[in-house]
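Encoded as structure tokens, the structure appears first; notes follow it.
Keep in mind it's a predicted model, so treat the numbers as computed, not measured.
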Amino acid sequence: MDVMEVKGIGAWSMFKLIGGTFMVIGLIAGLIAGLSGQFFGLESIEFIDEIISKGPLAISLLGLGLGIACGIAIGLSCAILALIYNFFAMIMGGIKIVVK
């Protein structure tokens with residue numbers, strides 16, 4: 001049984017993995033929301049209400065755009081958290097994992 005320590009996490013790989021995953025989830029959720037017309041209160045924003053009134057294609061593109069934006073925002077957040085982890089792991093030591 002070996003004990004290994006995670007000393008650092010690649011911020012770019014974290015962004016690609018988490019951002020990409022949530023981008024795909026956001027795209028699917030955005031398309032479903034766009035096609036069903038359920039924007040969960042976002043239609044109260046004047047800009048989004050104008051897009052919704054343009055028709056199904058505009059609604060689908062809005063859903064796609066929101067999905068991409070959410071994926072990028074979550075990916076950046078996770079990349080920043082990876083950098084914070086790396087900083088504290090450098091000072092205090094990383095997470096120890098037991099490998100059998």
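- When all heavy atoms of Ala79 and Ala11 are compared, the pair lying nearest together is CB-O, 3.6 Å.
- Grouping the Ile, Leu, Val, Met, Phe, Trp and Tyr side chains by contacts below 4.5 angstrom, directly or via other members, places Tyr85 apart from Phe88.
- Ile68 and Leu17 are assigned to two separate hydrophobic clusters, defined by single-linkage of ILVMFWY side chains at heavy-atom distances under 4.5 Å.
- Between the CD1 atom of Ile9 and the CD1 atom of Ile84 there is a distance of 11.5 Å, given to the nearest 0.5 Å.
- Clustering ILVMFWY residues whenever any of their side-chain heavy atoms sit less than 4.5 angstrom apart, transitively, puts Met14 in a cluster other than the one holding Ile25.
- Cluster annotation: Met23 is connected to Phe15 through the hydrophobic network of ILVMFWY side chains, with a link wherever side-chain heavy atoms come within less than 4.5 Å.
- Atom CD1 in Ile91 sits 11.5 Å away from atom CG in Asn86 (nearest 0.5 Å).
- Phe22 and Leu76 are assigned to two separate hydrophobic clusters, defined by single-linkage of ILVMFWY side chains at heavy-atom distances under 4.5 Å.
- A 4.5 Å side-chain heavy-atom check between Val98 and Asp2 finds every atom pair outside the cut-off.
- Here the CD1-CG distance, from Ile28 to Leu64, works out to 11.0 Å after rounding to the nearest 0.5 Å.
- Of the possible donor and acceptor atoms, one in the side chain of Glu5 sits under 3.5 Å from a partner among the backbone N and O of Gly94.
- To the nearest 0.5 Å, the span separating SG on Cys78 from CG on Leu83 amounts to 11.5 Å.
- No more than 12 heavy-atom neighbours from other residues, nucleotides or ligands sit within 6.0 angstrom of CE on Met4.
- With rounding to the nearest 0.5 angstrom, the CG atom of Leu27 is 10.0 Å from the SG atom of Cys70.
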